[in-house]
Amino acid sequence: MSAAPDGICAIILAAGEGTRLRPLTERVPKALCPIGNVPLLERAWDRVAALGFTGPELVAVNACYLGDQVVRQVGARAHLSVEPGSPLGTAGGVANLRDWIDGRGVLVGNADSYLANPYAAPGPDIAALLADWDGRTVRLLGQPLPDPSDPYGFDGHRFAGFSLLPWRYVRDLPVEPAELVRAVWRPAQAAGELTVVPYPGTYLDTGTPADYLAANLHAAGGDSLVDPTATVTGAHHRAVIGAGARVRGTVRRSVVWPGGIVAEGELLEDSIRVGHDLTVTVGDPLA
């Protein structure tokens, strides 16, 4: 693990409702949905920790929707910012941490971002975002868009889960519902003060069931990923099976959450199974 750069802190955004992932997120917040049997929040934590951001002085996590679950997951590892009422959005969530940030630059990561680079471990894979930063410009991790002229992009790239913000763009953000794309990134782009750092690996925002399933299958690496505490007597192919799950049927290109059940004679295909009574089927996640 490297040391965090001087004058920079990190925030993991974990307050969102995950409305597009419903009904999965009716039971757990999006940040705690597992990818490859690891909660998304833990994947983000491992990435920033590998860059040296650990402990409540250097890393903060915000929470709101089903926030008690996020608070329990984080414990004393980070500074916690629990937003009352509805989530404040990405910009409002950062603004709510202004006193904690206290003049520093901020590495901001979305907990729901799935990133994987076969040539670099989590943390080093985004280290270029921090390298030789001047402390004044906004940086975005990005991936090339099929159409470089896409008006929703940034210099022909789409946002890939992490940004680096200077204090001067953070200090005046209002504590109200707002998103960084409008409050910081677009103004910085208009001022010629935004740089995109390309990410060479795989990025998925996991915001829809199809992308969520695709991220799990990618994490499984073309094979099945089975937690050692699961009981599996049925067949499986490109499946992710969580802790304590019981699989007696057949699972193909699917995710079985921790404690999930697939009954004998049942075929679970291109789906996510939660418990014994919730199945979200998305079709071919790679189509």
Side-chain angles (χ1 to χ4, degrees), residues 11-45 47-48 61-67 69-70 73 83 86-94 108-117 122 126 140-147 150-154 157-163 177-186 199 201-220 240 253-255 257 270-274 278-287:
I11 296 173
I12 299 172
L13 298 174
E17 295 186 35
T19 54
R20 293 179 299 157
L21 268 181
R22 289 177 180 165
L24 298 176
T25 49
E26 291 176 357
R27 305 190 180 199
V28 298
K30 179 168 58 172
L32 297 186
C33 290
I35 300 287
N37 289 334
V38 178
L40 277 161
L41 176 59
E42 295 301 326
R43 288 180 172 273
W45 177 269
R47 184 164 272 108
V48 301
V61 177
N62 74 338
C64 185
Y65 174 72
L66 298 179
Q69 295 185 36
V70 174
Q73 184 76 22
E83 300 166 8
S86 299
L88 288 168
T90 55
V94 171
V108 182
N110 292 351
D112 61 353
S113 297
Y114 173 78
L115 296 163
N117 184 340
I126 66 167
L140 298 184
L141 198 67
Q143 285 201 316
L145 285 162
D147 178 4
D150 189 326
Y152 294 101
F154 298 87
H157 293 75
R158 64 171 179 153
F159 171 62
F162 279 80
S163 63
E179 304 301 327
L180 287 171
V181 62
R182 294 183 180 88
V184 175
W185 303 344
R186 291 303 182 194
Y199 183 72
T202 295
Y203 162 71
L204 292 165
D205 73 1
T206 71
T208 66
D211 283 343
Y212 173 76
L213 178 53
N216 269 281
L217 298 185
H218 187 275
V240 177
R253 300 184 306 274
S254 295
V255 179
W257 273 21
D270 299 324
S271 300
I272 303 112
R273 169 63 52 82
V274 181
L278 174 60
T279 303
V280 177
T281 301
V282 300
D284 184 353
L286 304 180

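Note that CG of L115 is 6.5 Å distant from CG of L141, once rounded to the nearest 0.5 Å. Taken to the nearest 0.5 Å, the CZ atom of R273 stands 12.0 Å off from the CG atom of L24. Taking CG from L217 and CZ from R253, the interatomic distance works out to 8.5 Å, rounded to the nearest 0.5 Å. Note that CG of L13 and CG of N62 are 5.0 Å apart. Values are rounded to the nearest 0.5 Å. T208 OG1 to L213 CG: the interatomic distance, rounded to the nearest 0.5 Å, is 9.5 Å.
Taking R43 as the reference, nothing meets the salt bridge (Lys or Arg N to Asp or Glu O under 4.0 Å) condition, with sequence neighbours excluded. Every side chain to side chain contact (heavy atoms under 4.5 Å, CB included) that A220 has, sequence neighbours left out, goes to L225, V240. The ring-ring contact (aromatic ring centres under 6.0 Å, His included) test applied to Y114 returns H218, not counting sequence neighbours. Evaluation of the ring-ring contact (aromatic ring centres under 6.0 Å, His included) rule for Y65 yields no partner, not counting sequence neighbours. By the salt bridge (Lys or Arg N to Asp or Glu O under 4.0 Å) test, E42 pairs with R77, sequence neighbours left out. Taking E17 as the reference, R22 meet the side chain to side chain donor-acceptor pair (under 3.5 Å) condition, with sequence neighbours excluded. Partners of R20 under the salt bridge (Lys or Arg N to Asp or Glu O under 4.0 Å) rule, at least two apart in sequence or in another chain, are D205. Listed by chain and residue number, nothing satisfies the side chain to side chain donor-acceptor pair (under 3.5 Å) test with S113 (two or more places apart in sequence, or in another chain). Residues passing the side chain to side chain donor-acceptor pair (under 3.5 Å) test with N216, sequence neighbours excluded: none. D150 meets the side chain to side chain contact (heavy atoms under 4.5 Å, CB included) test with L145, Y152; sequence neighbours excluded. Listed by chain and residue number, nothing satisfies the side chain to side chain donor-acceptor pair (under 3.5 Å) test with Q69 (two or more places apart in sequence, or in another chain). Scored by the side chain to side chain contact (heavy atoms under 4.5 Å, CB included) test, P122 finds R47 as partners (sequence neighbours excluded).
Taking the side chain as every heavy atom from C-beta outward, T90 and V108 never approach each other to under 4.5 Å. In this structure the side chain of F162 never reaches within 4.5 angstrom of the side chain of Y199, judged on heavy atoms.
None of L21, V70, L40 except one satisfies the side-chain contact (heavy atoms from CB on, under 4.5 Å) rule with P29; the exception is V70.
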Exercise for the section: Verify side-chain contact (heavy atoms from CB on, under 4.5 Å) between W257 and L278, making sure each step is shown before the conclusion. Expected result: CA-CA 10 Å; W257 273 21; L278 174 60; over 6 Å; no
Practice task
Starting from the C-alpha separation in whole Å, work towards a yes-or-no answer on side-chain contact (heavy atoms from CB on, under 4.5 Å) for V282 and Y212.
Solution key: CA-CA 10 Å; V282 300; Y212 173 76; over 6 Å; no
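Between S163 and L140, the closest heavy-atom pair is CB-CD2, 3.5 Å. Of all non-hydrogen atoms in T279 and S271, the two that sit nearest each other are CG2-CB, 3.9 Å. I12 and A111 make their closest contact through CG2-CB, 3.9 Å (heavy atoms, listed as atom of the first residue, atom of the second, distance). Residues P87 and A15 come closest through the heavy atom pair CG-O, 3.4 Å. Residues L66 and V28 share a closest heavy-atom pair of CD1-C, 3.6 Å. Between L41 and A14, the shortest heavy-atom distance links the atoms CD1-CB, 4.3 Å.
Taking a 6.0 Å sphere around CZ of R186, one finds it holds more than 12 heavy atoms contributed by other residues, nucleotides or ligands.
Looking only at distances, no side-chain donor or acceptor of T25 sits under 3.5 Å from a matching main-chain atom of K30.
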